[in-house]
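Single-structure report; data block below.
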Amino acid sequence: MTPPEVLPASPVAFAVRVTAGGVAALVVAAAARALSGPVVRRIVATPAARGVDETAGSLLVSVCRAAGYVAAAVVGFTVAGFGTFLAALTTLGSAAALAGGFAAQDLLSNLVAGAFIIRDEPFAVGDWIRWADGREGRVEDVGLRVTRVRTYDDERITVPNSRLANQEVTNPVAYGRLREEFLFQVNYDDDPAELMAAIGEEAAGVDAILDDPAPEVRVESLAPSYLELNAVFWVDTPDGDHVARVKTDLAVAVQRRFDAEGYEMPGPQRVLSGDLSVDLGAARDGSVVAEE
């Protein structure tokens, strides 16, 4: 037998109750979406929440919004007069959740991985990270299911939390700075010690390069026609455009220093071997014969 609360006395009353329930659900959902962010940020900013970083705050916002949407559905059903139906639906939902858990293992693994990311803190929002396949970027948001990363090329990558939780993740800015390198090719005829000192001085003169740790210049390799020197330096802003500008400033400064002191950058060199002979008879016809 259908519960009397589901079948009102008239269709008009039924429509009014359903409309009221829908409006109530929308109001609660909108309030949850609008207030969850500011409320969580205010709570995180309090002294009692000291130690809760932006990453945990981001995940907490997602949890609060999800809870708000569930509350909106409950309020909507209740206001519409479907309380008994909601109770039956809750029982059915429990069984469906058990079955759905087996079908949504990937989703659940991402949810659990997100919780472990918050707990273990391998990185935080704003950190520059590198993970499998050579991918890297700045963490913008850690959600319930995925982590959003912004790359050097100003692209957004959405990474499932399970990948970041189960694979090796490098956090090169864990100590507040990013290590970068720039290679210079120099002639063997020039004194490498003088060249390394010149490069180090120019690197120290670039404003965006940190003084602590100080820039370093090392011999990278001994190529057949040139010596390769590697300038290692640190910056505090792991942004693609910023790092590109720093490298450009360093390259221009070193080039000007080399020009002023008479150092030349080596160009491509090719060694040709063999003999060249000229047949005088053929030369009169305008042809030349080359012999190895």
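Any value given below was found using the heavy atoms of this structure, including those in side chains, with hydrogens, waters and symmetry copies removed.
- Here the side chains of Leu250 and Phe233 are in contact, with some heavy-atom distance below 4.5 Å.
- Between the side chain of Asn187 and the main chain of Asp189, no donor-acceptor pair closer than 3.5 Å is present.
- Counting heavy atoms from C-beta on, the side chains of Leu195 and Leu229 come closer than 4.5 Å.
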> Passes ring-ring contact (aromatic ring centres under 6.0 Å, His included), Tyr152 versus Trp128? Steps please.
Replying inline: CA-CA 10 Å; Tyr152 263 146; Trp128 189 272; 4.4 Å; yes
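- Cluster membership check: Leu210 does not share its hydrophobic cluster with Ile199, using side-chain heavy-atom separations under 4.5 Å among Ile, Leu, Val, Met, Phe, Trp and Tyr.
- Atom OG1 of Thr170 and atom CZ of Arg130 lie 7.0 Å apart (nearest 0.5 Å).
- Of all heavy-atom pairs between Asn171 and Pro122, the closest is ND2-O, 3.2 Å.
- When hydrophobic clusters are built by joining Ile, Leu, Val, Met, Phe, Trp and Tyr residues whose side-chain heavy atoms come closer than 4.5 Å, directly or via intermediates, Val232 is not grouped with Val186.
- Note that CE of Met265 is 6.0 Å distant from CZ of Phe184, once rounded to the nearest 0.5 Å.
- Transitive grouping of hydrophobic side chains (ILVMFWY, heavy atoms separated by less than 4.5 Å) keeps Val146 and Ile157 in distinct clusters.
- Leu183 has its side chain within reach of Glu220: a pair of non-hydrogen atoms, C-beta onward, lies under 4.5 Å apart.
- Inter-residue side-chain proximity for Phe123 and Val169 is flagged as met; some heavy-atom pair is nearer than 4.5 Å.
- The closest side-chain heavy-atom distance from Glu140 to Arg156 is below 4.5 Å.
- A salt bridge links Arg218 with Glu216: at least one charged nitrogen is closer than 4.0 Å to a carboxylate oxygen.
- Counting only residues at least two apart or in different chains, side chain to side chain donor-acceptor pair (under 3.5 Å) contacts with residues 192-209 comprise Glu194-Tyr263, Glu201-Arg257, Glu202-Arg257.
- Between the side chain of Asp127 and the backbone N or O of Ile129, no donor-acceptor pair lies under 3.5 Å.
- Under 4.0 Å is where a charged nitrogen must lie from a carboxylate oxygen, and between Glu181 and Arg179 at least one such pair does.
- Separating the OG atom in Ser221 from the CG atom in Leu227 is a distance of 7.5 Å, to the nearest 0.5 Å.
- Under the 4.5 Å side-chain criterion, counting only non-hydrogen atoms from C-beta, Leu178 is not in contact with Trp234.
- Here the closest non-hydrogen pair linking Pro266 and Ser225 is CB-O, 4.2 Å.
- In this structure, CZ on Arg138 lies 11.5 Å from OG1 on Thr151, to the nearest 0.5 angstrom.
- Counting heavy-atom neighbours within 6.0 Å of Asp120 CG, excluding the residue itself, gives a total above 12.
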>> Between Glu168 and Trp131, is the side chain to side chain contact (heavy atoms under 4.5 Å, CB included) condition met? List the steps.
In response: CA-CA 6 Å; Glu168 179 179 320; Trp131 68 98; over 6 Å; no
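- Atom-to-atom distance recorded for Leu164:CG and Phe116:CZ is 15.0 Å, nearest 0.5 angstrom.
- Residues Glu136 and Pro172 have side chains not in contact (no heavy-atom distance under 4.5 Å, counting atoms from C-beta outward).
- The backbone N or O of Arg145 lies less than 3.5 Å from a partner atom in the side chain of Asn161, making a donor-acceptor pair.
- Between the side chain of Tyr188 and the backbone N or O of Tyr226, at least one donor-acceptor pair lies under 3.5 Å.
- Residues Val206 and Phe182 share a hydrophobic cluster, clusters being chains of Ile/Leu/Val/Met/Phe/Trp/Tyr side chains in contact below 4.5 Å.
- Contact check for Val219 versus Met196: side-chain heavy atoms found under the 4.5 Å cut-off.
- Side chain of Asn166 to backbone of Ser162: a donor-acceptor contact under 3.5 angstrom is found.
- The existence of a salt bridge linking Glu155 and Arg150 is excluded, since no basic side-chain nitrogen approaches an acidic carboxylate oxygen closer than 4.0 Å.
- For the atom pair Glu228 CD and Leu222 CG, the distance stands at 10.0 Å (nearest 0.5 Å).
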